[in-house]
Amino acid sequence: MKNRIKVYRAMHDLSQEALANEVGVTRQTILAIENGKYDPSLILAARMAKFFNVRIDDIFLLDTIGE
Amino acid sequence: MKRNSFYLCVAAVAFFEVAIFWLSVEISDPLPCVLAIVLGILGIYLTKMYIHEVVEDERTKKITEITALRTLQFTWIGLFLFALWIIIEALGEGVRHFNRPLGIFGFRLLVLLCGIIVLYVILSLYYNKKYGA
């Protein structure tokens with residue numbers, strides 16, 4: 001799963017810590033998601049999409065090549 | 001309370017536990033040590049509720065789940081092999097020369113391991129039911 005969290009974070013001028021606080025997870029979790037080491041749950045993905053006011057598939061993209 | 005303050009509290013509780021352990025050894029009474037451990041766990045649990053920062057989230061829970069499962073699997077296999085080793089050692093040259101204390105320990109360990117499997121199956125059925133199977 002690819003994601004564009006880093007891009008949206010930059011657009012909103014947010015640190016990993018600030019985003020983590022907004023969506024109720026640890027900074028390490030945001031880092032792990034950005035690095036593609038952890039795929040978030042649907043609830044967390046929806047929470048992030050709601051926070052950035054976009055759709056889930058604007059942030060998360062299914063990486064079919066690596067599947 | 002901040003996360004680092006919580007870790008300081010945990011360290012303080014750990015020092016307290018060590019002190020009570022030595023007190024129990026000095027007075028040859030295990031009761032203070034057992035009570036201190038129960039109170040310590042309760043104290044840490046209650047203190048954890050007052051942390052404002054996020055300490056646990058879905059990723060840490062997933063890590064804990066996988067770690068717990070792997071620990072159970074490795075421990076079970078290790079103890080099972082150990083129990084078999086002990087029973088074979090106890091049997092030695094045959095049933096006639098059965099090393100009774102060692103053999104009983106090995107069989108009790110096997111019974112305990114069977115109990116763990118039974119508990120695993122019961123919990124598995126419970127969670128299957130809870131999550132809609």
Side-chain angles (χ1 to χ4, degrees), chain A, chain B residues 1-17 40-77 119-133:
Chain A
M1 183 88 84
K2 284 184 177 176
N3 68 78
R4 301 177 66 211
I5 296 175
K6 216 175 215 174
V7 176
Y8 278 97
R9 244 183 352 96
M11 282 162 63
H12 288 77
D13 196 22
L14 273 175
S15 65
Q16 288 178 339
E17 185 83 52
L19 177 60
N21 288 336
E22 291 292 340
V23 294
V25 293
T26 59
R27 188 188 64 80
Q28 287 82 358
T29 297
I30 300 294
L31 179 70
I33 295 169
E34 283 187 3
N35 289 338
K37 288 191 173 180
Y38 174 69
D39 291 330
S41 68
L42 187 58
I43 293 173
L44 180 56
R47 231 183 274 159
M48 283 183 180
K50 190 180 175 188
F51 176 73
F52 289 125
N53 204 21
V54 290
R55 294 183 318 186
I56 292 177
D57 58 359
D58 288 332
I59 304 179
F60 296 98
L61 316 154
L62 192 62
D63 185 13
T64 47
I65 298 165
E67 298 293 308
Chain B
M1 180 189 283
K2 287 195 171 185
R3 202 184 325 179
N4 288 342
S5 309
F6 170 72
Y7 293 139
L8 282 175
C9 287
V10 172
V13 169
F15 280 117
F16 170 74
E17 299 291 353
I41 291 169
L42 198 67
I44 289 172
Y45 180 75
L46 290 174
T47 314
K48 203 175 176 185
M49 289 164 64
Y50 291 97
I51 305 174
H52 300 308
E53 298 170 39
V54 178
V55 181
E56 268 185 351
D57 61 18
E58 57 179 49
R59 187 183 62 89
T60 58
K61 280 178 188 164
K62 191 176 178 183
I63 291 169
T64 308
E65 283 168 13
I66 295 170
T67 310
L69 181 65
R70 291 286 174 270
T71 307
L72 175 71
Q73 287 169 338
F74 289 135
T75 308
W76 197 93
I77 292 168
L119 182 65
Y120 182 87
V121 170
I122 291 169
L123 288 173
S124 175
L125 288 172
Y126 169 75
Y127 285 114
N128 259 309
K129 199 175 176 185
K130 188 177 177 183
Y131 294 110

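Chain identifiers are assigned alphabetically (A, B, ...) following the order of the sequence lines, protein sequences preceding nucleic acid strands; residue numbering begins at 1 within each chain.
Rounded to the nearest 0.5 Å, atoms CZ (R27(A)) and CD (E53(B)) are 12.0 Å apart. With rounding to the nearest 0.5 angstrom, the CG atom of N21(A) is 13.0 Å from the NE2 atom of H52(B).
Closest of all the heavy-atom pairs between K62(B) and Y38(A) is CD-CE1, 3.9 Å. Nearest heavy atoms, D57(B) versus T26(A): OD2-N, 2.8 Å.
Across G24(A), P40(A), S41(A), the residue that shares the most heavy-atom pairs under 4.5 angstrom with chain B is S41(A).
Looking at A32(A), only its side chain comes within 4.5 Å of chain B, counting heavy atoms on both sides.
Heavy-atom neighbours of L72(B) CG from other residues, nucleotides or ligands within 6.0 Å: above the threshold of 12. In the displayed structure, M11(A) atom CE is contacted under 6.0 Å by more than 12 heavy atoms of other residues, nucleotides or ligands. By the 6.0 Å contact criterion, CZ on R3(B) is enclosed, its count of non-hydrogen atoms from other residues, nucleotides or ligands being greater than 12. The number of heavy atoms from other shown groups lying within 6.0 Å of CG (D57(A)) is above 12.
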